[in-house]
Amino acid sequence: MGNRGSYSASMKTFRPVIALLVALVVLEGLLFEAGSANSLATIRDGILLGFLFGVPTLLVAGILLLRQHWVVMAAVMYSTIALALDLSTIVQEASQASPRPPILALTLGSSLLNFLIMIFGGRCALSFRPDESPPTAPHPNLQSPSSS
């Protein structure tokens, strides 16, 4: 019963990816609040918000509901793109005349979380063995008590 609801032993590696994605959404929320000096009124800003909050939330839901390795690979691809955006944000912020330390610190934290998602998600995807069969459920005892 220890592997309840899972198709393989590697399903345990989904937990760190889920925790890291949730932590990433929280950290992006803090980063959004710290840098919310300018208003978001354009469609481009809406797309950015969807990418920062919507995609990781959908990935967590997909991992929890579908329990498929390809969803974890989608999380790795998302984190690769998000890490590139974080690095460009760090360079842009550091090149300003007066960089904001909270923005730099939160973006570095986001970069670290994205990197860890890539590590743990990649490990999860690489540990998948397509020849594994689902665990068998215990068979019920169908004998009636009067037949013994």
Side-chain angles (χ1 to χ4, degrees), residues 1-140:
M1 283 292 180
N3 289 343
R4 187 185 73 175
S6 67
Y7 288 131
S8 69
S10 64
M11 294 296 280
K12 292 178 186 176
T13 59
F14 282 0
R15 290 184 193 135
V17 176
I18 293 169
L20 288 168
L21 283 168
V22 169
L24 183 66
V25 170
V26 170
L27 188 66
E28 291 295 341
L30 292 172
L31 189 58
F32 179 72
E33 287 298 318
S36 65
N38 44 354
S39 65
L40 297 173
T42 65
I43 289 191
R44 184 182 68 197
D45 295 328
I47 292 172
L48 177 64
L49 288 177
F51 181 78
L52 292 177
F53 299 110
V55 174
T57 304
L58 287 174
L59 288 169
V60 168
I63 291 171
L64 290 174
L65 295 175
L66 300 176
R67 297 182 181 189
Q68 296 291 323
H69 288 272
W70 62 266
V71 182
V72 177
M73 268 325 289
V76 170
M77 289 185 274
Y78 167 81
S79 291
T80 304
I81 296 167
L83 180 61
L85 290 172
D86 284 342
L87 293 176
S88 67
T89 303
I90 291 169
V91 169
Q92 182 181 8
E93 188 67 33
S95 66
Q96 289 183 357
S98 59
R100 299 172 288 183
I103 301 294
L104 281 173
L106 290 170
T107 306
L108 283 170
S110 175
S111 299
L112 177 64
L113 288 175
N114 281 312
F115 182 71
L116 290 173
I117 290 169
M118 289 169 33
I119 298 273
F120 287 110
R123 180 181 297 165
C124 178
L126 291 175
S127 66
F128 174 66
R129 290 177 283 177
D131 59 334
E132 280 184 296
S133 60
T136 58
H139 296 290

Indicate the atoms forming the closest heavy-atom contact of Gln68 with Phe14, along with that distance.
-> O-CZ, 3.7 Å
Atom of Leu113, atom of Leu27 and distance for their closest heavy-atom approach | CD1-CD2, 3.8 Å
If you round to the nearest 0.5 Å, how far is OG of Ser79 from CG of Leu20?
-> 8.5 Å
In short, Leu66 meets Trp70 closest at the heavy-atom pair CD1-CZ2, 3.8 Å
Would you check, one step at a time, whether the test side-chain contact (heavy atoms from CB on, under 4.5 Å) holds for Leu58 with Tyr78?
-> CA-CA 11 Å; Leu58 287 174; Tyr78 167 81; over 6 Å; no
Show your working on side-chain contact (heavy atoms from CB on, under 4.5 Å) between Leu64 and Val60 and close with a plain yes or no.
-> CA-CA 6 Å; Leu64 290 174; Val60 168; 3.9 Å; yes
The reported gap from CG in Asp86 to CG in Asn114 (rounded to nearest 0.5 angstrom) is 5.5 Å
Calculate, to the nearest 0.5 Å, the distance between atoms CG and CZ belonging to Leu87 and Phe115 respectively.
-> 11.0 Å
All heavy atoms of Ala75 vs all of Val17, minimum pair found to be CB-CG1, 4.4 Å
Is there a donor-acceptor pair under 3.5 Å between the side chain of Ser110 and the backbone N or O of Leu106?
-> no
Separation between CG of Leu112 and CG of Leu83, rounded to the nearest 0.5 Å = 10.0 Å
Under 3.5 Å, is there a donor-acceptor pair between the side chain of Glu93 and the main chain of Arg100?
-> yes
Separation between CG (Leu24) and OG (Ser111), nearest 0.5 Å, reads 9.5 Å
Minimal non-hydrogen separation, Ala94 against Pro99, with atom names | CA-CB, 4.3 Å
Look up atom CG in Leu31 and atom OG1 in Thr89, then write down how far apart they are to the nearest 0.5 Å.
-> 7.5 Å
Which of these passes side-chain contact (heavy atoms from CB on, under 4.5 Å) with Ile18: Ile117, Leu59, Ile63?
-> Ile63
Considering all heavy atoms, the nearest Met73-Ala125 contact = SD-CB, 3.3 Å
Under 3.5 Å, is there a donor-acceptor pair between the side chain of Ser88 and the main chain of Leu85?
-> yes
Hey, what's the ring geometry for Phe32 with Phe53, parallel, tilted or perpendicular (30° and 60° as the breaks)?
-> perpendicular
